[in-house]
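Reminder, nothing fancy here: chain letters follow the sequence lines and each chain counts from 1.
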Protein chains: 2
Amino acid sequence: MIKEETIRSIPEPTLRRVPSYCQVLLGLAEQGQEYVSCTQLSEALHIDPTLIRKDIALAGATGRPKVGYLTRDLHRQLENFLGWNNARDAILVGAGSLGSALMGYKAFDQYGVNIVMAFDTDPEKVGRKIHDVPVLPLTRMPNLLERMKVHLGILTVPAEYAQTVGELMVMNGILAIWNFAPLALKVPEGIIVQNEDLFSSLGILSSKLAAVLKNEDDHFKEGER
Amino acid sequence: MIKEETIRSIPEPTLRRVPSYCQVLLGLAEQGQEYVSCTQLSEALHIDPTLIRKDIALAGATGRPKVGYLTRDLHRQLENFLGWNNARDAILVGAGSLGSALMGYKAFDQYGVNIVMAFDTDPEKVGRKIHDVPVLPLTRMPNLLERMKVHLGILTVPAEYAQTVGELMVMNGILAIWNFAPLALKVPEGIIVQNEDLFSSLGILSSKLAAVLKNEDDHFKEGER
DNA sequence: TAGATTGTTAATCGATTAACAATC
DNA sequence: TAGATTGTTAATCGATTAACAATC
């Protein structure tokens, strides 16, 4: 009998850090470094080495005291852990400038994702191929999704259509949505949404900068007195 | 004498939630709703109402028991808190497909950011305007940055140039970098970097989906026995 | 008034960091 | 061996949630 605990999900922060380990590991492996230590990863990424060790442990990889981890093995194990080893098909809706830019990034393959089709309502775009990805009319999506068993959807339509299109995706078997529309998509329980709200992201950066500049300013004034 | 504590910086999670409050508030204000309660925001965003109240308190806004907050006032105060009320100039380096897509989003104005110039090394792009933003040769960046006192930079160059261009930005007065290259930019102490690594973002989503599908699969097998 | 809501203090929870034994 | 490093347990820290008095 499997204990409930076994299904405890991976902490979000770990999931966000592991890709950066992969990236550094790949670089080191290419430089021909056979073994790698947490200390080394820590220095490259400015992350506490203990934390890295815990993340690695969560991924199920083990190392050898004094020696470290086998660089290539660790890299492979972390990719495995993320499920990036065998590519997952995805569809994209909204072949505008952002959508097209995304389709252009062939590197997605490396990250376990493969955009197989795009959909749009604009007759100008439909029927063409953008970066090798065929653009089809949105009306054909339900039928095709059902046949192809795709579960991952990328949503790059204007904000006002996002909710409707999102619902259409979910109705046809999409279980995870990568949402670029600047709004909180309402989805049924169990559907995974990752909001990639670029506007607020930049806004947050800008507000951090404002805080820094304000601080400097205050210090300056303080010095004046 | 100002106490040190006064400068305690805003928690990152708060900074990430506040934009979503703004968005909902704007919607409600446009619908003509005069007052809004945390309960209402909570329902719209699936965030605990106490948490929302704390975030609002951090932003310095106050409401009235039983009544709530004045919708428009709260919206304005939160925007103020984020520093989105008066636009900050930014430059963009790398006028490729992603960079162009970003320049096309006029909505950045609303989020307190205004892209004033772009730089690229491609002679095909230099001299043109993309979505009203002039594209200039990268060699002119140092001079122009110094003159214009811009502190916010958007980095949309291919990964292999990111570190070099990032350093060039920092050398010329950029204090905050919005980095789209899939690597951890090395910057001096005090420079703010926000990594918008789209590849790993999608990768994380994909791995969450993998976990869900695996779970379902396990349950299925369990049922079989 | 009664009930809803704010604002705040205390409790809980989870993630990070520190400490340290085991190991090569 | 000595020193570095893993793996793990305990302590700390910060963010979230619960509890509740104040208020309209």
Short side-chain to backbone donor-acceptor contact, [X] and [Y], under 3.5 Å:
X	Y	answer
A:Ser100	A:Gly96	yes
A:Thr156	A:Val93	yes
A:Ser37	A:Gly68	no

Student check: side-chain heavy atoms of B:Tyr35 and B:Arg64 closer than 4.5 Å: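 SC-SC contact between B:Tyr35 and B:Arg64 confirmed.
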Flag side-chain contact, heavy atom, 4.5 Å: B:Leu82 against B:Leu15: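 Answer yes - side chains close enough.
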Going by atom type alone, with no hydrogens or angles, which donor-acceptor pairs under 3.5 Å involve a side-chain atom of residues 189-204 of chain A and a protein atom two or more places apart or on another chain?
| unit_1 | atom_1 | unit_2 | atom_2 | d |
| --- | --- | --- | --- | --- |
| A:Gln194 | NE2 | B:Ser201 | O | 3.0 |
| A:Gln194 | NE2 | B:Ser201 | OG | 3.2 |
| A:Asn195 | OD1 | A:Asn179 | ND2 | 2.8 |
| A:Glu196 | OE1 | A:Trp178 | NE1 | 2.8 |
| A:Glu196 | OE1 | B:Ser201 | OG | 2.9 |
| A:Glu196 | OE2 | B:Ser201 | OG | 3.4 |
| A:Asp197 | OD1 | A:Phe199 | N | 3.2 |
| A:Asp197 | OD1 | A:Ser200 | N | 3.2 |
| A:Asp197 | OD1 | A:Ser200 | OG | 3.2 |
| A:Asp197 | OD2 | A:Ser200 | OG | 2.6 |
| A:Ser201 | OG | B:Gln194 | NE2 | 3.2 |
| A:Ser201 | OG | B:Glu196 | OE1 | 2.9 |
| A:Ser201 | OG | B:Glu196 | OE2 | 3.3 |

Salt-bridge present (A:Lys208, B:Glu12; N to O < 4.0 Å):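 Yes.
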Rounded distance in Å - CD (A:Gln77) to P (D:dT6):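 Answer to the nearest Å: 14 Å.
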Nucleotide C:dT6, atom P - distance to CD1 of B:Ile52 in whole Å: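 It is 10 Å, rounded to the nearest whole Å.
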Bracket notation of DNA chain D in which parentheses pair within the strand, [ ] cross earlier pairs, and | pairs with another strand (Watson-Crick or G-U, under 3.5 Å): ..||||||||||||||||||||||
Under-4.0 Å side-chain N/O to phosphate OP1/OP2 contact, A:Tyr35 with D:dT6: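 For D:dT6, neither OP1 nor OP2 has a side-chain N or O of A:Tyr35 closer than 4.0 Å.
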Audit row: A:Trp84, A:Leu78, side-chain contact (heavy atoms from CB on, under 4.5 Å) steps and yes/no: CA-CA 9 Å; A:Trp84 291 3; A:Leu78 293 184; over 6 Å; no
For B:Glu34, all residues meeting side chain to side chain donor-acceptor pair (under 3.5 Å), sequence neighbours excluded: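 Counting only residues at least two positions away or on another chain, B:Glu34 forms no side chain to side chain donor-acceptor pair (under 3.5 Å).
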Pairwise N/O distances under 3.5 Å, protein to nucleotides 14-21 of chain C:
| unit_1 | atom_1 | unit_2 | atom_2 | d |
| --- | --- | --- | --- | --- |
| C:dT16 | OP1 | A:Arg17 | NH1 | 2.8 |
| C:dT16 | OP2 | A:Arg17 | NH2 | 3.1 |
| C:dT17 | O4 | A:Lys54 | NZ | 3.1 |

Anything under 3.5 Å between a protein N or O and an N or O of nucleotides 22-24 of chain C, put it in a table, one pair a line.
none

Listing, residues 103-117 of chain B side-chain donor-acceptor contacts under 3.5 Å, not counting sequence neighbours, or none:
| unit_1 | atom_1 | unit_2 | atom_2 | d |
| --- | --- | --- | --- | --- |
| B:Lys106 | NZ | B:His131 | O | 3.4 |
| B:Asn114 | ND2 | B:Asp89 | OD1 | 3.3 |

